[in-house]
Amino acid sequence: MAVRGDSRRVVVSAKAGIDWTVGFADLDPAQFPMLWALTPYGDAVFNQRQVPLLLAELDRLPADLSGEWVGQARELCQIVERGTHLYLWFIGD
């Protein structure tokens with residue numbers, strides 16, 4: 001995970017990554033449209049308007065899918081919300 005600007009320059013990056021499990025693929029896309037967009041191999045990018053939706057999904061994420069990455073994702077979301085022209089990137093393999 002990283003926050004990048006319009007030029008794709010990394011502003012800040014997380015130390016933790018998501019431990020991809022089958023559980024992510026099993027998330028209901030109607031309840032978790034933002035998290036459902038994550039894949040282990042592709043990138044997902046969230047803009048300032050999408051970040052509040054992502055934060056709400058993190059609040060109701062099943063405990064077995066949680067981890068250190070959730071707290072770091074929240075911190076990165078706050079940076080995107082406070083800045084301009086910033087995006088939260090989930091970077092796949």
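For the numbers below, each heavy atom of this structure counts, side chains included, while hydrogens, waters and symmetry mates do not. Since the model is a prediction, treat every value here as computed from it, not as a measurement. In this chain, residues are counted from 1 in sequence order.
The heavy-atom pair separating G5 from V11 by the smallest distance is N-CG2, 4.1 Å.
Within a 6.0 Å sphere centred on CZ of R49, other residues, nucleotides and ligands contribute 12 heavy atoms or fewer. The number of heavy atoms from other shown groups lying within 6.0 Å of CZ (R8) does not exceed 12.
Between the side chain of Q48 and the backbone N or O of G83 there is at least one donor-acceptor pair closer than 3.5 Å.
Linking ILVMFWY side-chain heavy atoms closer than 4.5 Å, directly or via other members, places W69 and V51 in a single hydrophobic cluster. Grouping the Ile, Leu, Val, Met, Phe, Trp and Tyr side chains by contacts below 4.5 angstrom, directly or via other members, places W89 apart from L53. I91 and F24 end up in different hydrophobic clusters when Ile, Leu, Val, Met, Phe, Trp and Tyr side chains are linked at under 4.5 Å. L86 and V12 fall within the same hydrophobic cluster, where Ile, Leu, Val, Met, Phe, Trp and Tyr residues are linked whenever their side-chain heavy atoms come under 4.5 Å apart, directly or through other members.
For Y87, there are no ring-ring contact (aromatic ring centres under 6.0 Å, His included) partners two or more places apart in sequence or in a different chain.
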For residues 71-81, please give each side-chain donor-acceptor pair under 3.5 Å, one per line with the distance, not counting sequence neighbours.
from: Q72; atom 1: OE1; to: K15; atom 2: N; distance (Å): 2.8
from: Q72; atom 1: OE1; to: A16; atom 2: N; distance (Å): 2.8
from: Q72; atom 1: NE2; to: E68; atom 2: OE2; distance (Å): 3.1
from: R74; atom 1: NH1; to: D59; atom 2: OD1; distance (Å): 2.9
from: R74; atom 1: NH2; to: D59; atom 2: OD1; distance (Å): 2.9

Which pairs of donor and acceptor atoms, one on a side chain in residues 27-45, lie under 3.5 Å apart (sequence neighbours left out)?
from: D28; atom 1: OD1; to: A30; atom 2: N; distance (Å): 3.0
from: T39; atom 1: OG1; to: G42; atom 2: N; distance (Å): 3.0
from: D43; atom 1: OD1; to: G92; atom 2: N; distance (Å): 3.1

